[in-house]
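From a predicted model like this one, the values you see are computed outputs, not experimental measurements.
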Amino acid sequence: MTLSTPRIDELKQHVGHTVTVRGWVTHLRSSGKIAFVVMRDGTGQIQGVLVKTQIEPAVWERFAALTIETSVAMTGEVHTEERSPGGLEMAVTGLEILGESALDYPIQPKEHGIDFLLDNRHFWLRSPRQRAIARVRNEVEQAIHDFFYARGFLRVDTPILTAAIGERAGLFSTEYFDEGNAYLAQTGQLYGEAAAAAFGRIYTFGPTFRAEKSKTRRHLTEFWMIEPEVAWNDSDDNMRLQEDFVSYLVRRALDRCAADLQILERDTAPLERVTPPFVRLDYGDAISLLKRKGSTTVWGDDLGAEDESLIVEEYDKPVFVMNYPREAKAFYMKENPADPRTVLCDDLLAPEGYGEIIGGSQREDDYERLLARIRAEKLPEDAYGWYLDLRRYGTFVHSGFGLGLERTVAWICGLPHLREAVAFPRLMNRLRP
RNA sequence: UCCCGAGUAGCUCAGGGGUAGAGCAGCCGGCUGUUAACCGGCGGGUCGGGGGUUCAAAUCCCUCCUCGGGAGCCA
């Protein structure tokens, strides 16, 4: 059966020949003695046309038994036909029902509410729009690996079950034998730093978990993060790496996913402008800018969503905001020698309201300073023993960042909400399907 | 957690004190080029749950639940 059953996107090579394709029925239309069946196989769609007077009665009867999402093997001669969606059509002479589909398939070719669609995510995934998003995500993921591979980075897989270390936000916990609680990783960074001391340039690529009760278009409780960590990179090197990286990912999507972006009706003009260098806006200058624009945010505050939009609208490509006050940022960031009130860090804000897609920093490499920060933040000192060791045995200048995959995909695809950027999104009130 | 908004047929919604509605989907019939086809017919309801006001509540009041949008936090 596998022989000569091309996939739908290969059918243009089979014009004039009789082939069999397998897939799922998406549309059925009948005019009494002529009928149309559109099927999908994951690579595209093909319309089959059946003329009652020209085919075997048994085939016509099987057409009548078709329902939406029936899986079928459809056989016929492929020809060009401009009235057919996609320009190709199959003159069906054979039809085999592989798997029946119940009459109450819930998804219709019309508007649905988001609650209903998320409840039916396992079916929603079958739509052309969701396929386009999945293809862009796949391309971005591959581009990430290619980017780092070409630059001699080693991919390191860090643990998902961890002791209580990492960010301050909510943790998911689970029992772990006689060791007390284990927590789902919020970041692989600390392990990445250990690996950078071993291998020089590394990156992680994996799921991370935040038990935050946040209900916004920019948050998931489970999301994928890419975290490079580079020995001997300072904060400036770090930002150069980030702008090269992000520009490369966008370029790859533009070059290889043009058809998908078109299905998503993505205006690609803003993406075409994503080239290095990006603007580097010092935190202090950002505050001045915000004050000019009427914000009440003052020096020392973290930047809110409103502030980020005010900054982003000033530029036509991603913008770095760098060197935040120490109090607004994590304990592991290196003190800024030029202004000890601040740390050497950067947030990369994406255009068009997609917010922070990267958070990065140079890491504190001085043992005493790092220990002081851990104590000041009242973190469990013993849990960070191995992390502090990295500063006791050959400490090194190093920097890294975390890129949120779903935010990046949502931005490139122009999605209104992160939940479409992953096949089965995890939100605070959604654990299934 | 806080602030808004919404829950009526499988779906998308109208109806806002007086016998529950439409379109789509489904089913039956018709149609030889359909594109979310079209035309005719049929079936389909705990009006989110509970309590209250009233002769009478989908409709007014209270309360809880669920969902959506936003904030905070962050990627």
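Side-chain atoms of A/Thr275 and A/Arg273 form no donor-acceptor pair, as typed in the model, at a separation below 3.5 Å.
Taking atom CZ on A/Arg217 and atom C1' on B/A75, their separation rounds to 16 Å, with Å as the unit.
B/G33 has no base stacking with the ring of A/Phe36 when judged by centroids under 5.5 angstrom apart and an interplanar angle below 30°.
A/Asp104 comes within contact range of no nucleotide atom at all, as no heavy-atom separation falls under 4.0 Å. Within 4.0 Å of A/Ile358, counting heavy atoms only, lie sugar-phosphate atoms of the nucleic acid but no base atom. Among the protein residues, A/Leu103 comes within range of the sugar-phosphate backbone only, with heavy atoms under 4.0 Å from sugar or phosphate atoms but none that close to a base. A/Ala35 comes within 4.0 angstrom of no nucleic acid atom, judged by non-hydrogen atoms across all strands. Residue A/Leu220 is classed as a base contact, given a heavy-atom separation below 4.0 Å to a base. Contacts of A/Glu82 with the nucleic acid, taken as non-hydrogen atoms under 4.0 Å apart, are absent. Counting any heavy atom pair closer than 4.0 Å across all strands shown, A/Phe116 reaches sugar-phosphate atoms only and no base atom. Within 4.0 Å of A/Thr53, counting heavy atoms only, lies at least one base atom of the nucleic acid. Here A/Pro85 lies in heavy-atom contact (under 4.0 Å) with a base. At the heavy-atom level, A/Ser30 lies under 4.0 Å from base atoms of the strands shown. If you check every strand for non-hydrogen atoms under 4.0 Å, A/Gln47 touches a base. The residue A/Lys215 sits close to a base: some heavy atom pair falls under 4.0 Å. As judged by a 4.0 angstrom heavy-atom cut-off over every strand, A/Glu406 is placed among residues making no nucleic acid contact.
Across B/U8 and B/G68, the matching P atoms stand 14 Å from one another, rounded to whole Å. Going from the C1' atom of B/G5 to that of B/C73 covers 23 Å, rounded to whole Å.
OP1 or OP2 of B/G68 sits under 4.0 Å from a side-chain N or O of A/Arg430. Within the structure, a side-chain polar atom (N or O) of A/Asn429 is placed less than 4.0 Å from OP1 or OP2 of B/G68. Under 4.0 angstrom from either OP1 or OP2 of B/U1 there lies at least one side-chain N or O belonging to A/Lys213. The side chain of A/Arg218 places no N or O atom within less than 4.0 Å of a non-bridging phosphate oxygen (OP1 or OP2) of B/G69.
Not a single donor-acceptor contact under 3.5 angstrom links the side-chain atoms of A/His112 to the base of B/C11. Looking at A/Gln108, its side chain has no donor and acceptor atom pair within 3.5 Å of the base of B/G23.
Mapping A/Gly304 and A/Leu28 onto RNA chain B via the closest heavy atom, the residue that lands nearer the 5' end is A/Leu28.
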